[in-house]
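Single-structure report; data block below.
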Amino acid sequence: MKTSSFLIASLVAGSFAYSGGAAAQADSVEAGEKLYNSTCVACHGADGKGKLPGVPDFTKSDGRLTKSDDVLVTNIMEGFKSPGSSMAMPAKGGISSLTKEQAGAIVQYMRQAFASN
């Protein structure tokens, strides 16, 4: 009986932790969307397909979003120039106060909005 009670208590606690994590992730995605739409959209477009020559198309199944979160956050924080592009994305997307956490939120938003299923 003690084992059953412990198991039930663990499952209930786990479900609360999971729902809290899901809420935190939703907040992060929402924050990422706001940042993306205030800055990134100028070059990458609202649809993630890129508005300028050489800007990556985030909707391609073999595109930039196949990279790890760490790589994408580093690209945002340090800037990045796509092969064949005539211009580079500035470090922090041009937002000098951008944090790694905010860059991570942008990545989460892009994955949700543009990644191929």
Side-chain angles (χ1 to χ4, degrees):
M1 187 72 162
K2 285 185 180 183
T3 303
S4 298
S5 297
F6 177 76
L7 181 58
I8 291 169
S10 296
L11 290 171
V12 169
S15 68
F16 283 124
Y18 177 76
S19 64
Q25 183 174 359
D27 289 345
S28 178
V29 170
E30 185 177 324
E33 179 179 17
K34 287 178 182 176
L35 286 164
Y36 182 93
N37 287 327
S38 68
T39 302
C40 312
V41 73
C43 296
H44 293 286
D47 60 3
K49 293 184 181 227
K51 292 175 68 173
L52 304 170
V55 174
D57 180 346
F58 295 135
T59 66
K60 287 186 173 182
S61 61
D62 61 348
R64 296 291 306 153
L65 295 182
T66 62
K67 305 290 183 189
S68 72
D69 287 0
D70 288 340
V71 167
L72 296 173
V73 167
T74 297
N75 289 164
I76 293 170
M77 295 304 290
E78 296 178 3
F80 184 80
K81 184 175 178 185
S82 295
S85 177
S86 61
M87 60 183 218
M89 181 181 76
K92 299 182 179 184
I95 306 171
S96 61
S97 62
L98 190 77
T99 66
K100 278 188 167 186
E101 291 76 21
Q102 290 171 318
I106 293 168
V107 169
Q108 292 308 311
Y109 165 70
M110 291 188 318
R111 289 198 186 286
Q112 179 177 310
F114 309 128
S116 298
N117 294 330

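- Here Lys34 pairs with Glu30 under the side chain to side chain contact (heavy atoms under 4.5 Å, CB included) rule; sequence neighbours left out.
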Inset, instruction - Would you please test Ile106 and Leu72 for side-chain contact (heavy atoms from CB on, under 4.5 Å) and show each step? - result: CA-CA 10 Å; Ile106 293 168; Leu72 296 173; over 6 Å; no
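- In this structure, the separation between OG on Ser38 and CD on Glu33 is 11.0 Å, given to the nearest 0.5 Å.
- When every heavy atom of Lys51 is checked against every heavy atom of Ala42, the shortest pair comes out as CD-O, 3.6 Å.
- Val71 and Met110 end up in different hydrophobic clusters when Ile, Leu, Val, Met, Phe, Trp and Tyr side chains are linked at under 4.5 Å.
- Across all their heavy atoms, Ala115 and Leu65 have their closest contact at N-CD1, 3.8 Å.
- Side-chain contact between Leu98 and Thr39 is absent, with no heavy-atom pair separated by less than 4.5 Å.
- For residues 28-47, the ring pair (Phe, Tyr, Trp, His ring centres under 6.0 Å) pairs, not counting sequence neighbours, are Tyr36-Tyr109, Tyr36-Phe114, His44-Phe58.
- In this structure, Phe80 has no ring-ring contact (aromatic ring centres under 6.0 Å, His included) partners at least two apart in sequence or on a different chain.
- At a threshold of 4.5 Å between non-hydrogen side-chain atoms, the residues Val55 and Leu52 count as touching.
- For Asp69, the side chain to side chain donor-acceptor pair (under 3.5 Å) partners are Gln108, Arg111, not counting sequence neighbours.
- In this structure the side chain of Arg64 reaches within 4.5 angstrom of the side chain of Pro56, judged on heavy atoms.
- Summarising the geometry of Gln112 relative to Val29, their closest heavy-atom pair is OE1-CG1, 3.3 Å, with the distance given to 0.1 Å.
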Inset, instruction - Given side-chain contact (heavy atoms from CB on, under 4.5 Å), test Met87 with Lys81 step by step and report yes or no. - result: CA-CA 6 Å; Met87 60 183 218; Lys81 184 175 178 185; over 6 Å; no
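- Looking at Lys92, its side chain does come within 3.5 Å of a backbone N or O of Ser96 through a donor-acceptor pair.
- Residues satisfying the side chain to side chain contact (heavy atoms under 4.5 Å, CB included) test with Asp57, not counting sequence neighbours, are Lys49, Thr59, Lys60.
- Remark: Gln102 engages Thr99 in a side chain to side chain donor-acceptor pair (under 3.5 Å) (not counting sequence neighbours).
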